[in-house]
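As a basis for the values below, the full set of heavy atoms in this structure was taken, side chains included, without hydrogen atoms, waters or symmetry mates.
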Amino acid sequence: IGGNIKYVKTYFFFTIDLEFITPLIIIIISSIISAVQLMRRTGQSNRYKNESATMTILILALVYIILNIPYCTIYLLESIEIWSDRRVILLDRDMSPQLRKFIYSFILTHTMALNSMINPLVYFCRLPQLRNFVLKK
């Protein structure tokens, strides 16, 4: 069983890297590049559009980061438990294991889905053309 633990530890390390850290780095870098490129354009006629697009990009990146922090925290704590062979409890120790498991499951399944659900709302709020199209009678 000792050999299998090594593979499990490696799996958890690469999974957290692939599922959270890599997309996070890509989103941060692409958001910064997009924001800088949009702000460099100096034409006064497009200034409002560029500032609006930059703000939308930053809001989407912030939503992604905020909604993925709970998932990453739980996954990181699970990885620490596996690597250190110590029990790490994020929630109250007196809480029933079933309730703790329910909360963990809820966070792991719903925070990632919330990101996908909130993105169209951000676009709806930020893009007047989309709002006008949807609200058009």
Side-chain angles (χ1 to χ4, degrees):
I1 205 166
N4 290 337
I5 295 295
K6 180 177 130 185
Y7 294 118
V8 170
K9 290 178 180 184
T10 304
Y11 168 78
F12 267 85
F13 174 76
F14 283 112
T15 303
I16 196 166
D17 184 43
L18 291 174
E19 287 184 3
F20 182 77
I21 296 172
T22 302
L24 178 65
I25 291 170
I26 291 169
I27 286 172
I28 289 173
I29 290 172
S30 64
S31 297
I32 290 170
I33 291 170
S34 298
V36 168
Q37 290 296 324
L38 285 168
M39 295 309 289
R40 278 190 181 168
R41 297 179 186 168
T42 57
Q44 288 294 333
S45 62
N46 289 330
R47 185 176 178 109
Y48 174 76
K49 281 175 61 174
N50 292 344
E51 288 175 358
S52 178
T54 301
M55 186 57 68
T56 301
I57 290 169
L58 296 176
I59 289 170
L60 290 171
L62 188 62
V63 166
Y64 175 84
I65 292 168
I66 289 170
L67 290 176
N68 283 286
I69 284 175
Y71 171 82
C72 184
T73 302
I74 289 174
Y75 211 86
L76 185 63
L77 290 174
E78 288 177 354
S79 297
I80 290 169
E81 285 183 8
I82 289 172
W83 278 92
S84 67
D85 295 326
R86 292 185 186 168
R87 183 80 178 129
V88 178
I89 297 177
L90 182 62
L91 301 172
D92 187 12
R93 291 182 187 273
D94 295 332
M95 185 181 297
S96 74
Q98 293 84 7
L99 180 58
R100 188 179 305 117
K101 185 176 181 180
F102 172 77
I103 292 172
Y104 283 166
S105 299
F106 183 84
I107 289 171
L108 291 175
T109 57
H110 290 78
T111 57
M112 302 278 284
L114 275 174
N115 183 47
S116 298
M117 186 181 84
I118 290 177
N119 283 346
L121 295 175
V122 171
Y123 285 120
F124 182 80
C125 292
R126 300 287 306 160
L127 300 174
Q129 301 92 342
L130 179 62
R131 225 178 11 257
N132 291 338
F133 178 79
V134 171
L135 298 176
K136 194 177 187 181
K137 292 183 180 181

Spatial distance of atom [atom1] ([X]) from atom [atom2] ([Y]) [nearest 0.5 Å]:
X: Ile59; Y: Leu121; atom1: CD1; atom2: CG; value: 12.5 Å
X: Ile28; Y: Leu58; atom1: CD1; atom2: CG; value: 11.0 Å
X: Ile57; Y: Ile32; atom1: CD1; atom2: CD1; value: 11.5 Å
X: Ser34; Y: Leu60; atom1: OG; atom2: CG; value: 11.0 Å
X: Leu130; Y: Cys125; atom1: CG; atom2: SG; value: 9.5 Å
X: Tyr64; Y: Ile26; atom1: OH; atom2: CD1; value: 9.0 Å

State plainly whether one hydrophobic cluster holds both [X] and [Y], where clusters connect Ile, Leu, Val, Met, Phe, Trp and Tyr through side-chain heavy atoms under 4.5 angstrom apart.
X: Ile118; Y: Ile66; result: no
X: Ile27; Y: Leu62; result: no
X: Ile65; Y: Ile25; result: yes
X: Val63; Y: Met55; result: yes

Quiz item: Quick one: side chain to side chain contact (heavy atoms under 4.5 Å, CB included) partners of Arg131, sequence neighbours excluded?
Solution: Phe124, Pro128, Leu135
Quiz item: Is there any side chain to side chain donor-acceptor pair (under 3.5 Å) pair reaching into residues 115-125, and which pairs are they, with sequence neighbours excluded?
Solution: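 Qualifying pairs, neighbours excluded: none.
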